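Values in this document were obtained by computation on a predicted structure and should not be read as measured data. Numbers restart at 1 for each chain; the letters A, B, ... are given by sequence-line order, proteins then strands.
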Amino acid sequence: MSEQIRIVVAGAERQVDAGTTAADLFADERTVIAARVGDDLVDLSRALNDGEKVEPVEIASDDGRAILRHSTAHVLAQAVQELFPEAKLGIGPPVENGFYYDFDVAEPFNPDDLKRIEKQMQRIIKERQQFVRRAVADDDARAELAGEPYKLELIGLKGGAADAAEGASAEVGAGELTIYDNVRRGGEVAWKDLCRGPHVPTTKHVPAFKLMRVAAAYWRGSEKNPQLQRIYGTAWESKEELQAYLDRLAEAERRDHRKLGAELDLFSFPDEIGSGLPVFHPKGATIKMEMENYSRQRHIDAGYSFVSTPHITKAHLFETSKHLEWYADGMYPPMHLDEERDADGNIKRQGQDYYLKPMNCPMHNLVFRSRGRSYRELPLRLFEFGAVYRYEKSGVVHGLTRARGFTQDDAHIYCAREDMKEELARLLTFVLDLLADYGLDDFYLELSTRDPEKSVGDEQTWKEATQILEQVGTESGLELLPDPGGAAFYGPKISVQAKDAIGRTWQLSTIQLDFFEPELFELEYTAPDGSRQRPVMIHRALFGSIERFLGVLTEHYAGAFPPWLAPVQVVGIPIADQHTPHLDDVADRLRARGVRVEIDTSDDRMQKKIRNAQKQKVPYMLLAGDDDVAKGAVSFRYRDGTQKNGVPVAEAIEEIVSAVERRVQV
RNA sequence: GCCCGAAUAGCUCAGCUGGUCAGAGCAACCGCCUUGUAAGCGGUAGGUCGUCGGUUCGAAUCCGACUUCGGGCUCCA
């Protein structure tokens with residue numbers, strides 16, 4: 001008769017033999033791959049103690065998938081070391097949708113290696129190797145892992161692992177060190193790795209995985225460290241889920257704005273101009289113009305004043321703003337102008353450095369400072385579609401979402417300190433309303449706070465600004481996530497993150513509070529009592545960059561823009577040549593209402609014209625044949641393939657105009 | 001900036017280990033054709049194989065540098 005213990009299993013108290021494991025409890029449930037005891041995730045093989053609360057962890061849960069992915073990373077590392085015995089192990093944590101493992105190898109992996117590694121992983125999975133946990137003393141671990149320099153480094157960092165590198169905490173936790181042995185059925189240890197766990201019980205518990213790509217990554221995330229070879233993979237609880245994930249990736253690829261931009265003839269990045277510098281073709285420029293026009297109108301309605309400032313300026317301005325002190329790396333190098341030399345090469349006249357502007361705020365400050373300002377003018381909201389140029393590092397440029405030249409829908413609001421909270425709250429409402437009109441309505445907020453290494457000003461002022469932003473963010477009712485150290489050098493910010501049609505999030509609007517630039521520029525206004533006061537400055541961009549937002553919208557809509565933004569809103573398709581005049585007449589009436597309409601008079605056949613318009617994702621195809629002409633009607637074909645025949649022309653026009661005016665998607 | 005990969009006609013791509021390798025489809029242009037919801041038929045034109053240099057009797061093919069792109073890392077005021 002063995003000793004009994006009392007435990008709580010999934011909420012129900014039970015009495016079991018001492019030494020009972022979680023695996024015993026959930027033996028019938030094949031989808032349970034780990035257990036949660038109290039707050040900790042543990043292996044199923046862990047023996048339970050008296051009084052513990054045990055919950056099953058399903059493989060299809062967030063925790064379950066993370067464990068599965070972490071275990072798959074182990075299988076990957078084992079496969080790599082079997083094929084490349086000289087490979088040294090870095091770290092191998094689960095990440096969103098998958099996992100990676102870093103290796104130090106003499107030769108980088110190539111795509112063929114990836115296939116071989118994948119095969120080797122399948123072999124290991126087939127062998128049904130057990131993941132066996134074993135606690136080790138630090139010194140013993142050092143001895144056992146003498147051949148793994150990176151693991152040794154992690155042992156040294158134990159406890160501080162969370163700071164050591166993202167993912168390092170998956171290897172060494174804060175408590176005792178553990179090693180996981182991968183044990184073959186005969187009891188032979190096939191492989192081992194320093195790891196905190198937990199893991200799935202055996203390699204056979206990896207139902208579906210795929211290696212995705214190789215890339216280099218700096219050891220512990222620092223540019224100063226050597227680069228390791230990182231292999232990314234994904235793992236899922238079933239083949240179906242894996243396939244669904246791959247389908248989602250394929251869907252994202254279909255929506256890629258760089259691809260759609262070329263297919264829909266919206267924009268391009270000519271090599272001749274340079275990296276990260278887009279040109280907009282007529283159709284892309286039409287969308288951009290519509291976006292700007294609507295935004296402009298909304299800003300007028302909201303009491304903004306419009307300004308316009310140059311693209312380049314003398315260095316002094318950016319010295320004043322401290323951009324050259326804090327941000328010179330991100331700026332294009334200066335143009336040195338106006339220097340004169342005599343015949344001997346001696347400088348007769350000192351030259352000047354001119355810089356392309358990376359931000360508009362210093363220029364707006366000069367507008368503010370151009371004359372005396374009264375409290376009656378505040379809040380003064382200066383708005384500009386300002387073109388800025390940032391010398392992004394060559395490896396980060398990415399389509400329209402990370403360009404070197406782009407247009408900010410930038411405003412700087414100067415207001416009295418006591419008014420800033422109200423102004424910020426109004427601003428947030430304005431931002432969210434406007435974004436919703438562009439078809440985005442699923443948001444959360446992020447509060448980016450000071451990075452002491454990269455900021456100007458004093459702690460107290462930062463604290464005050466951060467508190468106000470936090471308050472406004474919280475009061476908005478939206479979820480507010482912290483982003484420590486993410487602030488600009490001059491102040492904290494709230495950013496609006498928007499979810500798109502397939503659930504990806506994009507950082508769009510930013511609202512930054514700045515007490516320092518007004519000081520640097522010695523901005524002042526006269527208060528009611530005649531005293532001189534310093535205004536607070538709010539930096540804000542709604543789209544962030546118009547180009548980037550256009551890219552985001554392209555992906556959000558998969559190129560099928562709502563009628564008000566669609567570059568071509570209507571294509572008229574005659575069934576045969578003789579129906580063209582009827583459509584021309586309809587087109588004239590649509591144009592008179594401001595609709596962008598084209599009649600396809602090419603000598604393609606009707607079916608081909610439909611295909612062409614469909615591929616261009618034109619919202620409305622208007623067909624006309626004998627029946628329609630006779631009745632003074634047109635026939636609609638919509639993007640989804642549905643049709644509505646014999647619609648009287650006047651009615652058809654109203655339907656289209658109404659959809660454009662209401663900015664709805666169809 | 002770092003690592004890996006890529007660059008062939010406007011687009012998508014074929015062209016294997018250097019020697020009929022300058023190719024296809026779509027697009028463009030020219031003809032013919034045209035009646036109801038995603039590709040009618042035929043023809044023509046179009047490329048110093050990203051650029052520059054090297055190896056070689058010979059380079060789209062091998063090597064180097066640069067440019068641009070892609071995937072990551074780092075970065076993103």
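Computed from coordinates, the A:D329 CG to B:rU74 P distance equals 18 Å when rounded to whole Å. Between A:K617 atom NZ and B:rA38 atom P there is a gap of 16 Å when expressed in whole angstrom units. For the pair A:Q512 CD and B:rC76 C1', the interatomic distance rounds to 12 Å; values are reported in whole Å. Per the geometry, CG belonging to A:D577 stands 7 Å off C1' belonging to B:rU34, to the nearest Å. When the P atom of B:rA6 is taken as reference, atom CZ of A:R213 falls 17 Å away, rounded to whole Å. Between A:H398 atom NE2 and B:rC75 atom C1' the separation is 15 Å, expressed in whole Å. A:H257 places its NE2 atom 13 Å from the C1' atom of B:rG70, with the value rounded to the nearest Å. We find that CG of A:D256 is positioned 14 Å from P of B:rC69, with the value rounded to whole Å.
Taking 4.0 angstrom as the limit, A:R258 places a side-chain polar atom (N or O) nearer than this to OP1 or OP2 of B:rG70. Within the structure, every side-chain polar atom (N or O) of A:R390 is placed at least 4.0 Å from both OP1 and OP2 of B:rC75. Taking side-chain N and O atoms only, A:H579 has no distance below 4.0 Å to OP1 or OP2 of B:rU34.
A:N97 and A:T234 are not linked by any side-chain donor-acceptor pair at a separation below 3.5 angstrom, with hydrogens and angles left out of the test. When only modelled atom types and interatomic distance are considered, A:E547 and A:T407 share a side-chain donor-acceptor pair under 3.5 Å. A:Q512 and A:Y490 form a side-chain donor-acceptor contact under 3.5 Å, judged by distance and modelled atom types alone. A:T461 and A:D458 are linked by a side-chain donor-acceptor pair at a separation below 3.5 angstrom, with hydrogens and angles left out of the test. In the model, A:K357 has a side-chain atom that pairs as donor or acceptor with a side-chain atom of A:T309 under 3.5 Å. Side-chain N/O atoms of A:N225 and A:E223 include no donor and acceptor closer than 3.5 Å. For the residue pair A:Y414 and A:N365, a side-chain donor N or O sits within less than 3.5 Å of a side-chain acceptor on the partner. Looking only at atom types and distance, the side chain of A:W219 has no donor-acceptor partner in the side chain of A:D102 under 3.5 Å away. A donor-acceptor pair shorter than 3.5 Å cannot be found between the side chains of A:E446 and A:S448. Between A:R548 and A:T401, the side chains place no donor N or O within less than 3.5 Å of an acceptor N or O (distance only, hydrogens not considered). Counted by atom type alone, A:D104 and A:Q229 present zero donor-acceptor pairs between their side chains at under 3.5 Å. A:Y232 and A:R230 share a donor-acceptor pair across their side chains, judged by distance under 3.5 Å alone.
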Intermediate values then yes/no, side chain to side chain contact (heavy atoms under 4.5 Å, CB included), A:L277 and A:F269: CA-CA 6 Å; A:L277 299 167; A:F269 292 87; 5.8 Å; no

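Among the atoms of the strands shown, none is found under 4.0 Å from any heavy atom of A:E263. Using a 4.0 Å heavy-atom criterion, one finds that A:K609 contacts no nucleic acid atom at all. Heavy atoms of A:Q607 sit under 4.0 angstrom from primed sugar atoms or phosphate atoms, though from no base atom. The residue A:S635 sits close to a base: some heavy atom pair falls under 4.0 Å. Residue-level contact check: A:K493 touches the backbone only, with heavy atoms under 4.0 Å from sugar-phosphate atoms and none from bases. Using a 4.0 Å heavy-atom cutoff across all strands shown, A:A217 reaches sugar-phosphate atoms only and no base atom. Contact annotation for A:P358: base contact, defined as any heavy-atom pair under 4.0 Å involving a base atom.
Scored by the ring-ring contact (aromatic ring centres under 6.0 Å, His included) test, A:F636 finds A:Y620, A:Y638 as partners (sequence neighbours excluded). When the ring-ring contact (aromatic ring centres under 6.0 Å, His included) test is applied to A:F385, the partners found at least two apart in sequence or on another chain are A:F383. Taking the side-chain hydrogen bond (donor to acceptor under 3.5 Å, both in side chains) definition, one finds that A:R248 meets it with nothing, sequence neighbours left out. Every residue meeting the ring-ring contact (aromatic ring centres under 6.0 Å, His included) condition with A:F84, not counting sequence neighbours, appears here in chain and number order: A:F109. The ring-ring contact (aromatic ring centres under 6.0 Å, His included) test applied to A:Y245 returns A:W236, not counting sequence neighbours.
Between the P atoms of B:rU20 and B:rG53, the separation comes to 24 Å (whole Å). Taking the C1' atom of each, B:rA60 and B:rC16 are spaced 14 Å apart, rounded to whole Å. B:rC13 and B:rC49 have their C1' atoms separated by 14 Å, given to the nearest Å.
Applying the salt bridge (Lys or Arg N to Asp or Glu O under 4.0 Å) test to residues at least two apart or on different chains, the pairs with a partner in residues 396-405 of chain A are A:E392-A:R402.
Remark: the A:Y218 side chain and the B:rG72 base include no donor-acceptor N/O pair separated by less than 3.5 Å. Counting distance only, with no hydrogens placed and no angle test, the side-chain atoms of A:R637 and the base atoms of B:rA38 include a donor-acceptor pair under 3.5 Å. Residue-to-nucleotide contacts include no donor-acceptor pair under 3.5 Å from the side chain of A:R220 to the base of B:rC73.
For the pairing with A:H412, the side chain to side chain donor-acceptor pair (under 3.5 Å) check across A:H364, A:R540, A:E384, A:E517 returns one residue only, A:H364.
Among the nucleotides B:rG72, B:rA38, B:rU74, the one closest to any side-chain atom of A:K393 is B:rU74. Closest to the side chain of A:R605, out of B:rG1, B:rC33, B:rU37, is B:rC33. Relative to the side chain of A:D627, the nucleotides B:rU37, B:rC75, B:rG36 differ in distance, and B:rG36 lies closest. Of the listed nucleotides (B:rU34, B:rG36, B:rU37), B:rG36 has the atom at the smallest distance from the side chain of A:I575. Set against B:rC75, B:rA38, B:rC33, the side chain of A:R611 has B:rA38 as its closest nucleotide.
Non-hydrogen atoms lying under 4.0 Å from RNA chain B are contributed by A:Q227, A:Q229, A:R230, A:Y232, all within residues 224-232 of chain A.
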Could you list all N or O pairs between the protein and nucleotides 10-14 of chain B that sit under 3.5 Å apart?
none

Please tabulate, one pair per line, each protein N/O and nucleotide N/O from nucleotides 43-53 of chain B that are separated by under 3.5 Å, including the distance.
none

Can you check nucleotides 27-32 of chain B for protein contacts, nitrogen or oxygen pairs under 3.5 Å, and list what you find?
{"residue": "B:rA27", "atom": "OP1", "partner": "A:K608", "partner atom": "NZ", "Å": "2.5"}

Enumerate all atom pairs, one protein N or O and one N or O from nucleotides 62-68 of chain B, separated by less than 3.5 Å.
{"residue": "B:rU68", "atom": "O2'", "partner": "A:D271", "partner atom": "OD1", "Å": "2.8"}

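Heavy-atom contacts from other residues, nucleotides or ligands closer than 6.0 Å to NE2 of A:H398 number more than 12. Within a 6.0 Å sphere centred on NZ of A:K259, heavy atoms belonging to other residues, nucleotides or ligands number 12 at most.
Helical stems involving RNA chain B, defined as 3 or more consecutive Watson-Crick or G-U pairs under 3.5 Å, span B:1-7 with B:67-73, B:10-13 with B:23-26, B:28-32 with B:40-44, B:50-54 with B:62-66.
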